[in-house]
Amino acid sequence: SPTGDVTASVQIVAVDGRHFMTMDEDGKRRGWTTMNAPGAFQINAGEDLLQISEGGGGEGRKNKVEQNCIFMNAENGDITIRARNGKIRLEGLDIEMVASGNSPEGVCWVRANETIKLDSKNVTIDGKQSFKLLSTGLLTIGGLLGTQILSPLVTGITAATAAKIIPKPGKF
């Protein structure tokens, strides 16, 4: 390395020094592989993986590949995918997110500074133990064809007539 604290077994450096690949052998980055591209970095794979035809005309894909085409595994440690000045897009026929840890792990967090939007033909949320819907502002639940709440016990509290909380009942 430029500071002499790491030796690379393999190092490929282009004319533009920011365009490189190193396989570090010792020092503080022992076993690290680093690739840097000042432009785009593209990976294409899987063209020769065999597609398996599903007979019977059932639901789903006509041809599917039952092999991992690109596999990333972090045996110990986290995986971070960051777009500092752009968007992250995940696109596929299906997308699965699974948090497989056991309590207190096994949590799938979705957090946004502004808005989380779910837009689909059908949205199903199954809370095996509980389901909580909370807003410190306005909470609207509605359905054009109707709204059902089915439960063995329903408790409701409203402040519709409390002038100090809502100055004009039904108006915000």
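These numbers come from the heavy atoms of this one structure, side chains and all, not from hydrogens, waters or symmetry mates.
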Exercise for the section: Treating Ile, Leu, Val, Met, Phe, Trp and Tyr as nodes and any side-chain heavy-atom pair under 4.5 angstrom as an edge, say whether M35 and I12 lie in one connected cluster. Expected result: yes
Exercise for the section: For atom CD1 of I81, decide whether the heavy atoms of other residues, nucleotides or ligands shown that lie under 6.0 angstrom number more than 12. Expected result: no
Practice task
Give the C-alpha distance, both sets of side-chain angles, the deciding distance and a yes or no for side chain to side chain donor-acceptor pair (under 3.5 Å) between N44 and Q42.
Solution key: CA-CA 7 Å; N44 184 53; Q42 299 181 45; over 6 Å; no
Problem - Separation of E96 CD from L90 CG (nearest 0.5 Å) - result: 12.5 Å
Exercise for the section: Kindly write out the residues that satisfy side chain to side chain donor-acceptor pair (under 3.5 Å) with D126, not counting sequence neighbours, or none if the list is empty. Expected result: none
Problem - CA sep, side-chain torsions, deciding dist, call: K28, V6, side chain to side chain contact (heavy atoms under 4.5 Å, CB included) - result: CA-CA 7 Å; K28 63 182 180 181; V6 175; 4.1 Å; yes
Exercise for the section: Please examine the side chains of M21 and T34, heavy atoms only from C-beta on, and report whether any two atoms are closer than 4.5 Å. Expected result: no
Problem - Side-chain donor or acceptor of S135 paired with backbone N/O of G137 under 3.5 Å - result: yes
Practice task
Could you check if a side-chain atom of V10 sits within less than 4.5 angstrom of a side-chain atom of T33, using non-hydrogen atoms only?
Solution key: no
Handout entry: L139 atom CG: more than 12 heavy-atom contacts under 6.0 Å
Key = yes
Practice task
Please test T3 against D5 for side chain to side chain donor-acceptor pair (under 3.5 Å), starting from the C-alpha separation and ending with a verdict.
Solution key: CA-CA 6 Å; T3 59; D5 58 346; 2.9 Å; yes
Handout entry: same_hphob_cluster(L134, V154) at 4.5 Å side-chain heavy-atom cutoff
Key = no
Handout entry: Flag, side chain of D16 to backbone of R18, donor-acceptor distance under 3.5 Å
Key = yes
Problem - Intermediate values then yes/no, side chain to side chain contact (heavy atoms under 4.5 Å, CB included), L133 and I141 - result: CA-CA 10 Å; L133 187 62; I141 299 175; 3.9 Å; yes
Practice task
State plainly whether the residues D24 and R30 are in salt-bridge range, i.e. N to O under 4.0 Å.
Solution key: no
Exercise for the section: Report yes if the side chains of K117 and D119 come closer than 4.5 Å at any heavy-atom pair, otherwise no. Expected result: no
Handout entry: Inter-residue atom distance F41.CZ - H19.NE2, 0.5 Å rounding
Key = 8.5 Å
Handout entry: N36 side chain to F20 backbone, donor-acceptor under 3.5 Å
Key = no
Problem - CD on E25 to OG1 on T7, rounded to 0.5 Å - result: 6.5 Å
